[in-house]
Every structure is written in C-alpha cells, then in structure tokens.
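Written out below as structure tokens is the structure these notes cover.
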Amino acid sequence: MATRASQLFLPTLRDAPADAEAVSHRLLVRGGFVRQVGAGLWTFLPLGWRVHQRIVGIIREEIDAIGGQEMLCPVLTPAELWERSGRSRYPEVFKLRDRNDRQFVLPMSHEETFTFHAAELQSYRQLPQVWYHFGTKDRDEPRPRGGLLRVREFIMKDSYSFDRDEAGLDESFARHAAAYRRIFDRCGLTYYEVEAEPGMMGGSESRDFLAPAGSGENELALCENGDFGADTEVARAVPTRPDFPPALDAPEEIETPGITTIEALARFLGIDARATSKAMPVVKADGTLVLGLVRGDDRLHDVKLEAALGSAFRPAEEEEIRRALGAGGGSLGPVGATVEVLADEALREGQFVAGANRDGVHLRGVQAGRDYAARFADIRQVREGDRCPACGGRLSLQPAIELGHIFKLGTRYSEPFGATFLDETGIERPLVMGCYGIGPGRTMAAVIEQHHDDRGIVWPDAVAPYAAHVVALPGVEEQAEAAAQALEQSLGRGAVLLDDRDARAGEKFADADLIGCPIRVTVGRKTLEDGRVDVRRRVSGEEERLPISDLETLR
RNA sequence: CGGGGCGUAGCUCAGCCUGGUUAGAGCGCCGCGUUUGGGACGCGGAGGUCGCCGGUUCGAAUCCGGCCGCCCCGACCA
C-alpha cells in the first residue's frame, strides 16, 4: 500500500532555517527529513529515517557479503574498559556516573567493547572473524556543524576484524576496502580513497573515503589527470621549482635592515620568493626547541609537523627564540643554529636565502648539507598548483566529506584486553585487529551535497525514500490510487508515496521536487482525458505520458 | 576554548539605537466561499512567559548585569 502524504508526518518548509549553511543541512530540514533537537543532536523524521535505513541496508548487505556477523553492543559502557585502553582521557569522550557513583562512558566507537568480547576467541581455528554493529556513538564534539555533517550523537556501522597475523589483517583490510567501494558506489557517490591520518584511533595504516562536496571539512588534493587523490593532512606533493639565482661557493651575508617578511625580503633582493626559506621555531612537549624550516612561499603544516616531530608542539616564544638562536623572528635560519633543524623536503636541493640568526642580516646561497645539517621531512602544506607526485599533473584542492575510515589497529587493543588465541604450535598470540567505520547519516548528507539542484534533492534510486511520488490533482482520487497500485507492482511494496493532500498543484510539485524521489507521476484531469498519466524523471526532467497499465512494468 | 553574530508566533523576520496605547508583518495553521497542471484570492479566526534570572525606572521586548541556548570562523576532530 502506498504511503499517503495526507497522513505522513512530513513537515516541508518553504524557507530554510536562517542558520543553515550547508546545502544538505538546508534541504534535509526543508524537505522534512530531520529536525534539530540541540547542537549536533538530530531526530530523523519518517522520510529521513527511510533514507537512513536504506543506506543501512546497503551497508549491511555488503558487510555481510565479506563475512561480517552483525551484533549489537550497548551504548552505556563501564569506564573500566576505557581505562584499559587509555582512551578515557580523551576530551571528546562523554563520561557519566550512576547512582552508586560507578563511572561510565558513552563510546565514540566500540573498539573496547568488541575487543572485550574477542577475548572469548581462543583458537586460530576460529579466525578470522569480522564482527559489526550499527551502534549509537556519542562524542563531545567541540563544534558540531553543518546539519548531519558533524554531530554529537549518531549511528555508525563499525566493524572489527580479528586475524592471527599481519597478513590476515591485510586481507581483512583489503576486503573491507572493497566492500566500502561497493557501498559508496551503490549510494551514487563520487569519492576518493586516500591515505589518511590515523588520529585518535591509534594503529598503523589507515585509509579514508572522501567525497568531494562544497561543505566538507577535509581537504582533498586531486590531480587534474585523475591519478592521484589525497587528504592534504598527509598528501605529498611536488612544489613548483624556484628560479634560483646563480649558485655561490659559500653563504654570503647581506644587510637586510628591518626586513622580516618573505615578501619584503624577496622584493628587496629582487629574487623569487620560492628561493628563500623561512624558519619556524617550535617547542616540543618535552621542552626541546626545534627549528622547522620550509621554503619561503610555503606554509608549515601542523599535522605533518607533529607527525615528523613525534610530539605535540607549540610555537616558541620570543624570549625562548632569542636565548636559543640569538635573533628575533624574521632573521632566523639554520646556519650555525645549535638546535635540531627539521627541514622540508623542498629544501634538499638548491641554494636559498635564509636568516643569519642576527637581526637585520640574511645569508644568500645557503645549501643544505654543505652549510647546515638537517633532518628532512614533508612538513609543508600542499597548495593549489603543486605538481602530482605520480604524473606531474597540476593539483587542485577541494573540500570533501569523510564518508568512512578504515584502520589497521594491530594489537593496540588486543594486548591490553588480553584478547589472545593459541596458534597451531600452542603459542599464545594477541589478535591482530582492524576497525572500519561508516556513518549512514553523514553518508546521507554527502549524497545530497552531490545530488541536488536549485529545486531540491535528486536522490539516486538506491537511497531514495520512495521510488515514486504520485501527485494526485483534484478530482482524480480513484485513478491516482490505481496509478499508485500499479507502481507498487513494478517498484515494490511500500515504494510509492501518494500525495493525496488537499493542496494546490504548484505546491505538490514544489514538494515533490524538494523531496526528490526519482520518479514523479502526475495524475490529473488533463492526463486522464485519454486514460494516461505523466511520468517524469527527477534527474533529467524527461516526461512521458503513459497509460496507467504501463506503470505495472515501469523500470 | 578564542573571535563574531543571534535569541520576539510553527517558519522567515521587523520593532530595541531614542523605554510609554492592546507587540507587528509575510508565509504557515483553523473555518466559510470562490478557485484548481508549478507555492491562488476574499472574508473571518486561533496562535506570544518578547530565551531565563536579577537590576535601573512611575513604567522594560527596548537600558544595565549575570546565566542559558543556537549559528558562523578558528582551535580541535572518525
């Protein structure tokens, strides 16, 4: 039986809430799919929940297909489990106590709980295992935003693989990656699978699935030739080559009074800013000062620098800088520095202008290796116009949504939880784990970001709330009913929304466009003159007039 | 957590600066009528602790203080 719009809780809005910025946020609210309860807290209304469930269905099929076993872990979790993993100290973990003052957490993902259960695995004969659930996650996000894009509570499909060794993990990881590709393909998404930053999950390798979208929070570097895509937090790119001035046999001092910026320096010397270097003194968590060095036109990338330092850091203060290097910001350089120099790869080759560690003096012709010793690492921010490391093509940057993230955890959790098994030689070994997450709600938002026009959402067939939307114009109730029934035969039970509301045609059309079901069928006096109805495709706008009986076999 | 902005009807907003009838508009909602293929029109109507608490004042949506909530940017972040 078709769903009747007259009885459906489907509060569509003519105006979007004033504070909604992201396209998906605006359309989800306007289309009556979701409503906000608090910052980062959303209720899925009937239509929104249908879409969510369709995405859940796709994920379930694909994870089942790689041998996943669905189960369900509780949300409320004894804090003790999180003490064991050490994650209870993360600030985004919600913590609470019961009446007896026992401590609990609301998990942001379920590694601890799944690993707790994995302790019951005993033999290599049982491996590998892939377990998953659609679990509610809570995160004390510093800043929820963009409707469903970043929220404080959401449902996530998280799966966990348990293998006997690294080779097994590689296999489980690869199978998940393949399943993820099928899932996002089926959802009609354009996405890139890229190396990623493991973040707070811990573990070695991790891969992100990023969907380019106007409202994304990640930044994707893409090659014009389509052979490279990476998150700029880890992307390695080839910077454009500087125009170097003639090489010198040794560094040469130049007076640069009052010049402390790269722009001023390049202008003063009449050289390419790319042929200069700039030094950023930072202090590691243990108090050591390190001189970060990047090319003059580049910017230091925090995440990369932190990874290269192997420690958190803060910018050094003026006083610390003077004490360590003998000059102020703007005149710093690697030559003669007594602290560790961490230089960007771009500075390996060539001669650059650098600060002389004396106020108002620079050195030209400074060459790594010859004039100073440095440790090299990729610590620069990727920029628009950089060259592709694979083919040399031009890179562009665009915002993207993180759809899913998969990690090789190794024994990060199995060891503290004593989740071990016996191998065939009777030796006890820790399980080698992987974890894999997808947020259906965020995926839903990403689909809208990629599939909409100025009238509303254009759902891909696989995730549309209804396959067909029947617009019943006044005076043709019976025929509209017949059309809806015929459509259910071809499109499936429950796949039809029948707009039987007492509303004007324009209003119904506008709502149909907003809600975005793939097929709209209009039944009205005009079409029925010869016993037919109008069938219109949301994507293309193509319309054809067909007899109601033809609807029974509609694609 | 830092910066900025906002909080008045279901939604979008005016009124606040310069305190003073009964707090307004458009959309939406209810009733009646005319309409009826791209958000109609007329008439009638319902709907408000002006975010909360306190202060100033004869009098506060309006001025002052505190708190709460929400949005955006940054920090942070699957």
Side-chain angles (χ1 to χ4, degrees), chain A residues 11-22 25-26 29-30 32 35-41 87 90-93 107-111 135 137-147 149-152 154-159 180 196-203 206-210 215-219 231 233 302-303 306 312 314-315 401-407 409 435-443 455-456 471-476 480 499 501-514 520-529 533-534 536 541 543 545:
Chain A
T12 56
L13 260 27
R14 192 180 292 218
D15 303 308
D19 49 32
E21 297 262 303
H25 182 185
R26 300 172 65 86
V29 173
R30 278 229 292 142
R35 281 296 183 264
Q36 185 165 23
V37 177
L41 300 174
R87 288 164 97 204
Y90 291 172
E92 34 283 294
V93 179
M108 33 191 256
S109 62
H110 279 78
E111 281 75 3
K137 314 299 173 193
D138 288 275
R139 295 185 182 180
D140 191 353
E141 289 288 347
R143 183 148 106 81
R145 74 181 102 188
L149 290 175
R150 173 159 230 96
V151 294
R152 291 200 291 180
F154 62 105
I155 289 172
M156 177 162 89
K157 183 289 296 175
D158 40 334
S159 33
Y180 273 39
E197 221 274 316
M200 67 174 83
M201 309 299 301
S206 93
R207 212 175 285 170
D208 245 337
F209 290 80
L210 295 180
S215 308
E217 293 184 292
N218 293 60
E219 196 175 39
D231 190 309
E233 292 198 348
D302 297 0
V303 177
E306 187 169 324
R314 61 173 172 82
I401 295 168
E402 184 181 19
L403 297 169
H405 203 159
I406 60 180
F407 302 83
L409 293 173
C435 73
Y436 317 89
I438 297 182
R442 183 183 275 186
T443 301
R455 292 169 182 271
V471 172
L473 296 175
V476 297
D499 191 349
R501 295 173 304 167
D502 179 20
R504 303 183 67 78
E507 198 170 340
K508 293 188 176 192
F509 291 143
D511 272 352
D513 290 342
L514 212 208
R520 186 186 81 191
V521 175
T522 306
V523 187
R525 290 208 187 86
K526 209 184 279 182
T527 60
L528 289 169
E529 277 165 13
V533 297
D534 287 336
R536 185 188 179 100
E543 193 160 42
R545 190 157 286 188

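Chain identifiers are assigned alphabetically (A, B, ...) following the order of the sequence lines, protein sequences preceding nucleic acid strands; residue numbering begins at 1 within each chain.
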*Which base sits across from B:G47 as a Watson-Crick or G-U pair, both distances under 3.5 Å?*
none
*What interatomic distance, in whole Å, is found between C1' of B:G59 and the corresponding atom of B:G66?*
23 Å
*Between A:Arg26 and A:Glu21, is there a salt bridge with N-O shorter than 4.0 Å?*
no
*asked:* The side chain of A:Glu141 is closest to which nucleotide in this list: B:G37, B:C77, B:C70?
replied: B:C77
*Provide the distance between the two C1' atoms, one in B:U8 and one in B:G44, to the nearest whole Å.*
26 Å
*Remember a base hit wins even if backbone is also touched, and classify A:Gly437 as base, sugar-phosphate or nothing at under 4.0 Å, heavy atoms.*
nothing
*May I have the distance from A:Leu473 (atom CG) to B:U36 (atom C1'), rounded to whole angstrom?*
9 Å
*asked:* Run the side chain to side chain donor-acceptor pair (under 3.5 Å) test on A:Thr527 and A:Asp534 for me, step by step, so that the C-alpha distance in whole Å, both residues' side-chain angles and the decisive distance to 0.1 Å come before the verdict.
replied: CA-CA 7 Å; A:Thr527 60; A:Asp534 287 336; 5.7 Å; no
*With sugar-phosphate meaning primed atoms plus P, OP1 and OP2, does A:Gly404 contact a base, only sugar-phosphate, or nothing at under 4.0 Å between heavy atoms?*
nothing
*Between C1' of B:C77 and CG of A:Asn218, the distance in whole Å*: 9 Å
_Give me the atom names and distance for the closest heavy-atom approach of A:Phe407 to A:Tyr436._
O-CE2, 4.2 Å
_Would A:His405 and A:Ser109 count as a side-chain contact (heavy atoms from CB on, under 4.5 Å) here? Give the steps._
CA-CA 12 Å; A:His405 203 159; A:Ser109 62; over 6 Å; no
*asked:* For B:G37, give the paired nucleotide (Watson-Crick: N1-N3 plus N6-O4 or O6-N4; G-U: N1-O2 and O6-N3; both under 3.5 Å), or none.
replied: none
_Show the nearest heavy-atom pair for residues A:Gly38 and A:Gln36, with the distance to one decimal._
O-NE2, 2.9 Å
Between the protein and nucleotides 12-15 of chain B, list every N/O to N/O distance that falls short of 3.5 Å.
{"from": "B:U12", "atom 1": "OP1", "to": "A:Ala18", "atom 2": "N", "distance (Å)": "3.0"}

*Ignoring the backbone of A:Arg145, work out which of B:A78, B:G37, B:C73 is nearest its side chain.*
B:C73
*Atom-pair distance (CG on A:Asp502; C1' on B:C30), nearest Å*: 13 Å
*Just call it for A:Phe154: base, sugar-phosphate, or nothing, with non-hydrogen atoms closer than 4.0 Å on any strand.*
base
_Does the structure show a Watson-Crick or G-U wobble partner for B:C17, both distances under 3.5 Å? Name it, or say none._
none
*asked:* Walk along nucleotides 38-52 of chain B from 5' to 3' and tag each nucleotide B, S or - by protein heavy-atom contact under 4.0 Å, base first, then sugar-phosphate.
replied: BBB------------
*Any idea which heavy atoms bring A:Pro440 and A:Lys157 closest together, and the distance?*
CD-N, 4.3 Å
_Distance check, C1' atoms only: B:U62 and B:G15, in whole angstrom units._
9 Å
*Contact nearer the 5' end of RNA chain B, comparing A:Arg442 with A:Ala39*: A:Ala39
_Test side-chain contact (heavy atoms from CB on, under 4.5 Å) applied to A:Val151 - qualifying residues, sequence neighbours left out_ = A:Trp42, A:Phe154
*Considering only the P atoms, how many Å lie between B:C11 and B:G48, rounded to the nearest integer?*
14 Å
*Could you measure between the two C1' atoms, the one in B:G19 and the one in B:A61, and give it in whole Å?*
10 Å
*Could you tell me the separation between the CZ atom of A:Arg525 and the CG atom of A:Leu473, rounded to the nearest 0.5 Å?*
9.0 Å
*May I ask you to verify whether the side chain of A:Arg150 and the base of B:C77 hold a donor-acceptor pair under 3.5 Å?*
yes
*asked:* Both distances below 3.5 Å, Watson-Crick or wobble geometry, any strand: find the nucleotide opposite B:C52.
replied: B:G66
_Nucleotide B:A78, atom P - distance to NE2 of A:His110 in whole Å_ = 17 Å
_Expressed as a whole number of angstroms, how long is the span from A:Gln36:CD to B:G10:C1'?_
16 Å
*For atom C1', what is the distance between B:G37 and B:A78, given to the nearest Å?*
48 Å
*Tell me, do A:Asp231 and A:Glu402 make a side-chain contact under 4.5 Å, heavy atoms counted?*
no
*Measure across A:Arg545 and A:Lys526 and return the closest heavy-atom pair with its distance rounded to 0.1 Å.*
NH1-O, 3.9 Å
_If you compare every side-chain N and O of A:Arg143 against the phosphate oxygens of B:C73 (OP1, OP2), does one of them come in below 4.0 Å?_
yes
*Atom pair distance, as rounded to whole Å: CZ in A:Arg87 and C1' in B:C77*: 13 Å
*asked:* Within the 4.0 Å heavy-atom criterion, would you say A:Glu217 contacts the bases, only the backbone, or no part of the nucleic acid?
replied: nothing
*Which whole-number value in Å describes the distance from A:Arg545 CZ to B:G37 C1'?*
10 Å
*Short side-chain to backbone donor-acceptor contact, A:Arg35 and A:Pro11, under 3.5 Å*: yes
*Within the side chain of A:Asp499, is there an N or O that forms a donor-acceptor pair under 3.5 Å with the backbone of A:Arg501?*
yes
*Give the nucleotide from the list B:C76, B:A78, B:U36 with an atom nearest to the side chain of A:Pro142.*
B:C76
*Taking the same atom, P, in B:G2 and in B:A60, what whole-Å distance lies between them?*
34 Å
*Using a heavy-atom cut-off of under 4.0 Å over every strand shown, decide if A:Gly147 touches base, sugar-phosphate, or nothing.*
nothing
*Applying a 3.5 Å limit to both distances, which nucleotide forms a Watson-Crick or G-U wobble pair with B:U57?*
none
_Strictly by Watson-Crick or wobble contacts shorter than 3.5 Å, is anything paired with B:A75, and which nucleotide is it?_
none
_Separation between the P atoms of B:A46 and B:C41, rounded to whole Å_ = 22 Å
*Nearest whole angstrom, please: distance from the C1' of B:A78 to the NZ of A:Lys157.*
12 Å
_Partner nucleotide, any strand, of B:U12 [Watson-Crick/G-U, under 3.5 Å]_ = B:A25
